[in-house]
J.: 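Pasting in a structure now, in structure tokens, and then I'll have a few things to ask.
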Amino acid sequence: MNPLMSAEQAVLGAVLLDPEQLTHLEWLAPDHFYRPVHQALFGALRKLRSDGHPALSADGPLPLSWVTDAVDEASLHVRGLTAVYAHTLIQVWARTGHAPVYGRMVLEGAIHRTVAQHAIRLHQAARADAVQGEVEGALRTADVLTGVLTDLARRWGTDPRPVPPTAGPSGAADIPPPAQTGQVAEDERFLLAVLAEQPGAMGEVVAWLRPGDFADPTHGQLYRCLGALHHRGEPIDRITLLWEAQRRGVLADGTLSSEQLASVCEGMVPGSADWFGQRVMRSSVTRTAAASARAIRTLAQDEVLGPGRLINHALHALGPLDEVRARWATANSSPAPKATASAPPAGEPPPDRVKAARARSTPRSGASPPAPASRLPTLSAARPPSRGHS
């Protein structure tokens with residue numbers, strides 16, 4: 001005997017026998033039932049009550065029309081429901097005073113089922129975005145999941161707040177992680193090459209890109225080394241990167257060899273660190289969304305977990321996605337629109353151009369005066385020597 005099916009039948013049997021039990025089940029909705037027949041029958045009973053069915057005000061025994069009209073109304077939305085089944089529910093499940101407890105069991109099953117369904121949708125959206133190179137679908141689905149968890153917490157009577165599980169959820173969800181494409185690894189190698197070769201490139205991404213955003217752990221270790229060099233204000237190139245990797249034990253523990261580092265950063269890659277960084281960040285968003293979805297589905301499949309704990313643990317599982325999402329927003333943030341200024345008088349340059357010119361002409365404290373034009377180095381003199389020059 002399935003406990004959830006028994007609870008659904010018990011709720012319906014109690015309400016069919018005693019319509020007043022609906023006053024204690026205002027928080028229970030038809031879609032909380034698993035079987036479509038039960039959904040339609042409970043929805044019909046609620047409709048008859050809201051329409052003021054004569055059976056509700058009748059004196060004496062409950063009129064038979066309460067049952068037959070409920071079956072007729074439910075049959076408009078689902079097939080296979082008969083009056084015989086309704087009478088069977090009354091005969092087998094006649095404990096009307098237990099209806100609220102039965103309803104709570106139905107709601108508990110609905111919470112587990114709903115959380116699992118939305119976790120699957122989040123995982124599907126993340127996989128689709130990973131293929132298409134987008135993040136909007138996964139983020140929208142995550143917002144929907146957050147709203148569903150908040151609503152379920154309200155119905156269950158608990159405060160929606162992220163709570164880490166005391167131990168890892170038992171069992172593993174059978175949803176495979178999204179496969180990493182060669183394009184993801186290529187974007188990460190290109191980004192590392194740009195960061196290692198272009199001066200000041202780390203400044204474009206260090207505020208929002210983290211080592212954990214790299215799908216390849218080796219690439220994440222190299223980015224950590226680059227971040228350490230940048231933090232200390234030391235020059236960044238292939239040699240200093242190799243030295244930092246050695247200091248951090250990346251070479252000693254076999255995570256990376258000097259040849260592998262050279263192959264990762266081989267050659268000068270034209271491009272923007274910000275552009276490559278956003279591509280790596282986009283992959284991190286979809287990968288994190290998929291990981292959160294797998295964790296939430298595993299939680300929902302744990303029948304021992306109570307609804308309140310399930311909801312709060314699921315909100316906690318969305319925390320890493322919220323953190324990555326915030327950094328993704330920082331990476332894509334555009335400057336605030338400037339207020340429209342009044343037009344300058346005729347014949348005068350715009351105020352912004354005047355301000356910029358003054359800023360360029362204002363000497364810095366302690367800075368030497370600019371050299372005369374005749375003493376400025378020519379382009380050929382300022383060009384750095386080629387790499388093959390000894």
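Predicted, not measured: the structure shown is a model, and the values here were computed from it.
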J.: Main chain of Leu305, side chain of His112: is a donor-acceptor contact present, judged purely on distance under 3.5 Å?
T.: yes

J.: I need the single residue from Asp143, Val285, Thr330 that forms a side chain to side chain contact (heavy atoms under 4.5 Å, CB included) with Arg325. Which is it?
T.: Asp143

J.: In terms of hydrophobic clustering (I, L, V, M, F, W, Y; side-chain heavy atoms under 4.5 Å; direct or indirect links), are Val144 and Leu152 co-clustered?
T.: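 Linked, Val144 and Leu152 end up in one cluster.
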
J.: Any salt bridge (Lys or Arg N to Asp or Glu O under 4.0 Å) pairs touching residues 149-159, not counting sequence neighbours?
T.: Asp151-Arg154, Asp151-Arg155

J.: Is the closest side-chain heavy-atom distance between Leu41 and Phe33 below 4.5 Å?
T.: no

J.: Tell me, please, which residues at least two apart from Trp66 pass ring-ring contact (aromatic ring centres under 6.0 Å, His included).
T.: His53

J.: As an exercise, state the distance from CG of Leu315 to CG of Leu149, rounded to the nearest 0.5 Å.
T.: 5.0 Å

J.: Would you name the heavy atoms of Leu17 and Leu62 that are closest together and state the gap between them?
T.: O-CD2, 3.6 Å

J.: Are more than 12 heavy atoms from other residues, nucleotides or ligands located less than 6.0 Å from atom CZ of Arg161?
T.: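 No, CZ of Arg161 has 12 or fewer neighbouring heavy atoms, counting only those of other groups under 6.0 Å.
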
J.: With rounding to the nearest 0.5 Å, note down the distance linking CG in Leu145 to CZ in Arg140.
T.: 15.0 Å

J.: Can we say Arg248 and Glu244 salt-bridge, meaning some charged N sits less than 4.0 Å from an Asp/Glu carboxylate O?
T.: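 Looking at Arg248 and Glu244, the cut-off is met.
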
J.: Are Arg279 and Glu188 within salt-bridge range, i.e. N to O under 4.0 Å?
T.: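 Not counted as a salt bridge, because no side-chain N and carboxylate O are separated by less than 4.0 Å.
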
J.: Any non-hydrogen side-chain atom of Gln21 less than 4.5 Å from a side-chain atom of His24?
T.: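 The answer is yes; the side chains approach within 4.5 Å.
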
J.: Which pairs pass salt bridge (Lys or Arg N to Asp or Glu O under 4.0 Å) with one or both residues in residues 3-18, sequence neighbours excluded?
T.: none

J.: Can you find a heavy atom in the side chain of Leu241 that is under 4.5 Å from one in the side chain of Trp243?
T.: no

J.: Please name the pair of heavy atoms, one in Gln278 and one in Ala331, separated by the smallest distance, quoted to 0.1 Å.
T.: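 Here Gln278 and Ala331 meet closest at NE2-O, 3.3 Å.
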
J.: For the side chain of Tyr34 and the backbone of Gln39, is there at least one donor-acceptor N/O pair under 3.5 Å apart?
T.: no

J.: So, does Ser50 use its side chain to make a donor-acceptor pair with the main chain of Lys47 at under 3.5 Å?
T.: yes

J.: Would you check if Phe214 and Leu222 make a side-chain contact, meaning some heavy-atom pair closer than 4.5 Å?
T.: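 Side chain of Phe214 against side chain of Leu222, heavy atoms only: no contact under 4.5 Å found.
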
J.: Can you tell me which residue among Leu89, Thr88, Ile90 is in a side chain to side chain contact (heavy atoms under 4.5 Å, CB included) with Val92?
T.: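 Running side chain to side chain contact (heavy atoms under 4.5 Å, CB included) over Leu89, Thr88, Ile90 with Val92 returns exactly one hit, Thr88.
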
J.: What pairs of donor and acceptor atoms, side-chain ones from residues 114-121 against any protein atom, are under 3.5 angstrom apart with sequence neighbours left out?
T.:
{"unit_1": "Thr114", "atom_1": "OG1", "unit_2": "Ala110", "atom_2": "O", "d": "2.7"}

J.: Would you find a donor on one side and an acceptor on the other, under 3.5 Å apart, between the side chain of His219 and the backbone of Asp216?
T.: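 Answer holds: no.
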
J.: Any chance the side chains of Thr240 and Asp237 put a donor and an acceptor closer than 3.5 Å?
T.: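 Side chains of Thr240 and Asp237: pair found under 3.5 Å.
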
J.: Counting only heavy atoms not in Trp156, do more than 12 sit closer than 6.0 Å to its CH2 atom?
T.: yes

J.: With sequence neighbours left out, write down each residue that passes side-chain contact (heavy atoms from CB on, under 4.5 Å) with Arg327, or none if nothing qualifies.
T.: Trp208, Arg210, Asp213, Met281, Glu323, Val324

J.: With hydrophobic residues grouped by side-chain heavy-atom distances under 4.5 Å, do Val78 and Leu12 end up in a single group?
T.: yes

J.: Is the side chain of His316 donor-acceptor paired with the backbone N or O of Pro165 at a distance under 3.5 Å, no angle test?
T.: no

J.: Applying salt bridge (Lys or Arg N to Asp or Glu O under 4.0 Å), which residue pairs with at least one partner in residues 20-38 are found, sequence neighbours left out?
T.: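 As it turns out, the salt bridge (Lys or Arg N to Asp or Glu O under 4.0 Å) pairs with a partner in residues 20-38, which skip direct neighbours, are Glu26-Arg49.
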
J.: Any side-chain donor-acceptor pair under 3.5 Å between Tyr85 and Gln9?
T.: yes

